[in-house]
Undergrad: 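The structure under discussion is supplied below as structure tokens; questions concerning it will follow.
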Amino acid sequence: MDSRSHTHVTAALRLCLHALLAGLLALVVVRAVSEGAPDTAAVVSVTLLTAALYAAGALCSSSVRPGTRAGAWWLGGLWALWVALLVLSPDALWVAFPLYFLQLHFLPMRWALPAVTVTAAAAIAGFVAHGQEIGPGAFIGPLIGAAVAVATVLGYDALFRESERRRELIVELVATRADLAEAERTAGTLAERERLAREIHDTLAQGLSSIQLLLRAAERSLPDNAPAAPHVRAAREAAQANLAEARSFVRALPPPDLEHGSPAAALERLCARTTAPELTVRFAVSGTPVELPTPYAVALLRTAQSALANTVRHAEARRAEITLSFMDTSVALDVVDDGRGFDPSGAPVHERGEGGFGLPAMRARAGSLGGALSVESAPGQGTAVALTLPLPVAEAERAA
């Protein structure tokens, strides 16, 4: 048999085998002492040696195990001591029964069956050699014991293989069910994305396209030195950029700013085109930049866009700074302004009726990538938004 794991069943069988061998060896000693046999001292000595060798093998199960040289020598030593005990006492005949199980466990089946046969023959021969009364039991007992041991081991082995097959089928079934659930979630996500893409294409994208055309017409109708011309041009460019964003979402592509550059370059362009009265936006990079997966780059850009939009709309700030920091195991984005600030513990913006979902969306985006978003602000003391994302293993190793 092959070596098996320490399950409750095998542990119980092993304890039963220990108890059986100890009981039979004790029987041999008791019979020898009670009958006053001339070889009592030798019987006791050999019995103690056999028990000691068996106990040593049981305690050193890490090295004495099936398929090892130590296991073979241990089993051979037990068999030799048993033969010596069989020469001294006919009662050693019954110790053959636990030996059958040990041989079937420690030896391959092609060697175990001949070994069991030889052990049964030796038991019968030893009993006959002691001149005991010969009856059918002297021959049938060892043979039946050997047959029961072989049948028990083969039956347990068959049950074990069947149990393993069932376990593998259950594992495969669970994995298949998980794959099916994932496929259903993916199909639902794709269906919802397709629905949103159609809605965006038919509403927002068309509306932004119309706004862009109207602003272009208004820009052409204005004199070159008109005070409103720069504002119309900025509005047209903003509509054009947002139209490109909407179309990229419809095509399931990354944001246009990330198609032709790194996240740092995209953030720098975002700072350059963010305009508001008396607002200066600066960008800085800290650490050694590493290549980021698209979801990470998108999260950084979207968070910066949302934070800057809040700064422009609500903060009345004069200065805003975006810092992209690459660390050993993470990447961080900090957006800080010196605006009027707010109380982060108060009701979210969208609950106050102002229509914003920026902070909840940023937190959800950070959480989907295993990151964290923190907001520090107070009335009159500006706002600091910090996004931290753990780097994937490959990028973290390259950064290190």
Side-chain angles (χ1 to χ4, degrees), residues 1-15 61-62 65-67 105 109 151-202 245-255 258-259 263 290-303 306 329-331 348 350 357-374 387-400:
M1 288 181 62
D2 297 333
S3 177
R4 304 305 187 192
S5 59
H6 294 281
T7 62
H8 295 295
V9 175
T10 54
L13 292 176
R14 189 174 293 109
L15 289 175
S61 58
S62 59
R65 61 181 187 271
H105 179 65
M109 194 56 65
T152 301
V153 170
L154 291 179
Y156 177 78
D157 196 43
L159 288 175
F160 182 84
R161 289 196 300 269
E162 180 65 22
S163 176
E164 283 296 296
R165 283 195 293 268
R166 289 178 180 272
R167 185 186 63 80
E168 292 172 358
L169 288 175
I170 292 174
V171 171
E172 184 178 353
L173 178 61
V174 171
T176 301
R177 185 171 61 183
D179 292 341
L180 180 60
E182 181 64 25
E184 291 177 350
R185 285 194 295 269
T186 302
T189 300
L190 292 176
E192 180 64 14
R193 185 182 184 89
E194 183 178 357
R195 185 188 70 81
L196 290 175
R198 288 196 302 268
E199 295 294 332
I200 290 174
H201 179 270
D202 295 339
E245 293 275 2
R247 287 173 175 171
S248 70
F249 181 84
V250 170
R251 295 193 300 268
L253 296 176
L258 296 174
E259 291 183 352
V290 297
E291 185 177 355
L292 297 175
T294 299
Y296 283 69
V298 172
L300 294 170
L301 179 60
R302 295 302 191 205
T303 300
S306 183
T329 59
S330 62
V331 58
H350 64 277
F357 290 89
L359 289 178
M362 285 189 279
R363 287 195 176 95
R365 193 183 296 275
S368 66
L369 297 175
L373 181 82
S374 63
L387 170 66
T388 304
L389 299 176
L391 285 174
V393 176
E395 281 70 17
E397 290 177 353
R398 283 198 292 269

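Residue indices begin at 1 and follow the sequence shown.
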Undergrad: Roughly how far, to the nearest 0.5 Å, is the OG atom of Ser306 from the CG atom of Leu387?
TA: 11.0 Å
Undergrad: Kindly write out the residues that satisfy salt bridge (Lys or Arg N to Asp or Glu O under 4.0 Å) with Glu182, not counting sequence neighbours, or none if the list is empty.
TA: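 So Glu182 forms a salt bridge (Lys or Arg N to Asp or Glu O under 4.0 Å) with Arg185.
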Undergrad: Distance check, rounded to the nearest 0.5 Å: Leu389 atom CG versus Leu292 atom CG?
TA: 8.5 Å
Undergrad: Side chain to side chain donor-acceptor pair (under 3.5 Å) with Glu172: which residues, sequence neighbours excluded?
TA: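 If we apply the side chain to side chain donor-acceptor pair (under 3.5 Å) test to Glu172, skipping adjacent residues, there are no hits.
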Undergrad: Using the test side chain to side chain donor-acceptor pair (under 3.5 Å), find all partners of Arg167 that sit at least two apart in sequence or belong to another chain.
TA: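 Per chain and number, Arg167 pairs via side chain to side chain donor-acceptor pair (under 3.5 Å) with Glu164.
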Undergrad: What are the two closest non-hydrogen atoms of Pro295 and Leu369, and how far apart are they?
TA: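 Shortest heavy-atom separation between Pro295 and Leu369 comes out as O-CD1, 3.6 Å.
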Undergrad: What's the spacing between Glu162 CD and Asp157 CG if we round to 0.5 Å?
TA: 12.0 Å
Undergrad: Nearest 0.5 angstrom please: Thr176 OG1 to Leu169 CG, how far?
TA: 10.0 Å
Undergrad: Counting distance only, does the side-chain N/O of Ser368 pair as donor-acceptor with the main-chain N or O of Arg365 below 3.5 Å?
TA: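 Checking the backbone N and O of Arg365 against the side chain of Ser368, a donor-acceptor pair under 3.5 Å is found.
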Undergrad: Quick check: are there more than 12 heavy atoms from other residues, nucleotides or ligands sitting under 6.0 Å from CZ of Arg165?
TA: yes
Undergrad: Is a side-chain N or O of Thr303 found less than 3.5 angstrom from the main chain of Ala299, in a donor-acceptor match?
TA: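 Yes: the side chain of Thr303 pairs with the backbone of Ala299.
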Undergrad: Does Pro390 offer a backbone N or O that forms a donor-acceptor pair with the side chain of Tyr296 under 3.5 Å?
TA: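 Between the backbone of Pro390 and the side chain of Tyr296 there is a qualifying donor-acceptor contact (under 3.5 Å).
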